[in-house]
Amino acid sequence: MLTRNVLIKWAPLIVLIVLVLFFAAMEPRFFSLRNFARIGISSAPALMVAIGVTFIIIMGSIDLSMEGTVSVCAVVFAFAFIAMGGTLASFAWLALPLALLVGAIVGLVNGMVHVWLKIPSFMASLAMGFVGTGFALLLTGGDRVRVQDELFRSLLTERWFGFPIMCYVALLFLLIGWFIQTRTTLGRNFYAVGGGEELAHASGLNVNRVRILGFMLAGVFYAVGALLAVGRIGIAETATGSNFMFVSITSVVVGGTALWGGIGGVWNTLIGVLIVNVINNGMVVIGLPGYVQDGVLGLLVILAVVLSTDRKSVTFVK
């Protein structure tokens with residue numbers, strides 16, 4: 001049992017190291033600061049979304065609203081940013097907290113629909129994701145909104161020690177997520193709910209309140225991901241949130257956070273995001289097609305779930 005637990009704990013990090021060594025051996029250009037910066041750029045928005053998903057999964061729930069939430073936050077931010085002056089040197093900086101507020105509101109509604117209407121979290125969140133995507137499409141009419149402010153785009157263009165500022169912003173919010181997870185009552189309550197909802201109820205914990213706050217917090221991290229996504233490409237559109245669902249949930253699972261709740265955390269998610277993006281980047285560098293990347297990621301998800309699930313204690317797979 002000890003060997004299994006140790007394997008489960010360290011397997012994601014071992015996989016990441018092996019992948020880096022493998023791709024470096026296949027193509028020396030992979031192991032360069034420039035390429036690591038590319039991986040960091042692609043990982044930063046995905047990490048923010050995945051951290052939000054991590055809190056939800058730790059509670060034993062699932063959130064599929066991230067694509068719609070990211071899109072609507074990105075579009076609202078872009079319109080507000082332009083309307084308030086179009087540069088961070090003016091009042092347009094107010095669009096940043098506005099985007100976070102929009103993310104929190106979407107998460108709040110998501111949580112209330114799930115808890116108050118007693119709809120399974122995956123279904124409630126999937127519906128909210130469609131609502132978010134639809135609202136973003138309504139606002140843009142299918143057009144792209146360009147954000148060309150040099151100060152804002154410095155998230156990508158300005159580099160410290162070879163890495164763009166957006167990587168350091170992602171690291172800052174990773175530390176904030178870790179602080180919430182380990183040093184706050186809310187973070188501990190996430191684990192209590194995921195570890196056993198009935199026991200949490202019996203101990204006097206307001207589980208419904210914890211779930212709603214969890215979805216709100218996830219919405220804020222989705223909004224941060226939206227801001228970094230806009231900073232990366234300089235465009236906000238309905239498709240800004242595309243593919244975040246697959247990447248974020250894959251990253252959380254591959255990183256070692258258990259789907260049934262109560263196990264894992266944001267550092268696991270960081271490793272998972274890096275595994276996913278190292279695979280994507282490495283396969284491009286060595287010239288493999290996209291469908292091979294998706295296939296490898298799918299196999300990794302299955303392997304991660306198999307390794308982390310004690311099937312002797314599971315009587316039925318839902």
Side-chain angles (χ1 to χ4, degrees), residues 1-27 30-31 35-36 39-40 42-44 46-63 170-171 174-175 177-178 181-182 187 190-191 194-196 221 243-286 288 292-315 317-318:
M1 183 60 70
L2 178 62
T3 304
R4 176 186 173 84
N5 290 338
V6 171
L7 175 64
I8 292 172
K9 180 179 179 181
W10 293 105
L13 181 59
I14 294 171
V15 168
L16 177 60
I17 294 172
V18 169
L19 285 171
V20 170
L21 294 177
F22 170 75
F23 287 123
M26 293 290 292
E27 175 52 71
F30 175 85
F31 205 81
N35 193 54
F36 286 157
I39 294 173
S42 62
S43 297
L47 177 61
M48 297 298 94
V49 177
I51 289 175
V53 176
T54 300
F55 292 128
I56 302 299
I57 292 181
I58 286 174
M59 291 193 299
S61 297
I62 193 71
D63 190 356
L171 177 60
L174 171 67
L175 294 175
W178 174 74
Q181 170 192 308
T182 59
F190 290 156
Y191 286 94
F221 276 93
N243 203 40
F244 275 113
M245 183 188 300
F246 173 76
V247 171
S248 60
I249 294 179
T250 298
S251 299
V252 173
V253 173
V254 169
T257 297
L259 282 172
W260 58 86
I263 299 173
V266 297
W267 292 108
N268 299 78
T269 297
L270 172 63
I271 299 299
V273 168
L274 291 177
I275 288 174
V276 170
N277 283 279
V278 163
I279 289 174
N280 287 337
N281 176 275
M283 289 192 173
V284 169
V285 169
I286 65 177
L288 291 178
V292 176
Q293 301 172 31
D294 293 340
V296 170
L297 290 176
L299 291 174
L300 265 180
V301 171
I302 294 173
L303 180 61
V305 174
V306 168
L307 287 175
S308 63
T309 303
D310 185 0
R311 282 163 299 284
K312 293 181 181 179
S313 64
V314 178
T315 57
V317 179
K318 301 181 185 179

[X] side, atom [atom1]; [Y] side, atom [atom2] - distance, nearest 0.5 Å:
{"X": "Leu175", "Y": "Gln181", "atom1": "CG", "atom2": "CD", "answer": "11.5 Å"}
{"X": "Leu47", "Y": "Leu270", "atom1": "CG", "atom2": "CG", "answer": "5.5 Å"}
{"X": "Leu274", "Y": "Ser43", "atom1": "CG", "atom2": "OG", "answer": "5.0 Å"}
{"X": "Ser248", "Y": "Ile51", "atom1": "OG", "atom2": "CD1", "answer": "11.5 Å"}
{"X": "Asn277", "Y": "Leu19", "atom1": "CG", "atom2": "CG", "answer": "12.0 Å"}

Legend entry - By ring pair (Phe, Tyr, Trp, His ring centres under 6.0 Å) - contacts of Phe244 (at least two apart): none

Legend entry - Listed partners of Phe22 passing ring pair (Phe, Tyr, Trp, His ring centres under 6.0 Å), at least two apart: none

Inset, instruction - Kindly state each residue pair satisfying side-chain hydrogen bond (donor to acceptor under 3.5 Å, both in side chains) with at least one member in residues 262-274, sequence neighbours excluded. - result: Thr54-Thr269

Mind checking what makes side-chain contact (heavy atoms from CB on, under 4.5 Å) contact with [X], not counting sequence neighbours?
{"X": "Asn281", "result": "Phe30, Asn35, Arg38, Ile39, Val285"}
{"X": "Ile263", "result": "Ala258, Trp260"}
{"X": "Ile286", "result": "Phe23, Met26, Glu27, Leu288"}

Inset, instruction - Dump the intermediate steps for side-chain contact (heavy atoms from CB on, under 4.5 Å) on Asn280 and Val284, then the final yes or no. - result: CA-CA 6 Å; Asn280 287 337; Val284 169; 5.8 Å; no

Legend entry - Atom of Tyr191, atom of Gly262 and distance for their closest heavy-atom approach: CD2-O, 3.3 Å

Legend entry - Heavy-atom closest pair, residues Pro12 and Gly255: CG-O, 3.4 Å

Flag the pair [X] / [Y] as yes when at least one side-chain heavy-atom distance between them is below 4.5 Å, and no otherwise.
{"X": "Ile14", "Y": "Val18", "value": "yes"}
{"X": "Val252", "Y": "Leu259", "value": "no"}
{"X": "Thr257", "Y": "Val253", "value": "no"}

Inset, instruction - Could you please spell out the steps behind the side-chain contact (heavy atoms from CB on, under 4.5 Å) verdict for Val49 and Phe221? - result: CA-CA 6 Å; Val49 177; Phe221 276 93; over 6 Å; no

Inset, instruction - Please work out whether the ring planes of Phe190 and Phe55 are parallel, tilted or perpendicular, with thresholds of 30° and 60°. - result: tilted

Legend entry - Flag, side chain of Thr182 to backbone of Trp178, donor-acceptor distance under 3.5 Å: yes

Inset, instruction - Go through the structure and list residues passing side-chain hydrogen bond (donor to acceptor under 3.5 Å, both in side chains) with Thr250, not counting sequence neighbours. - result: none

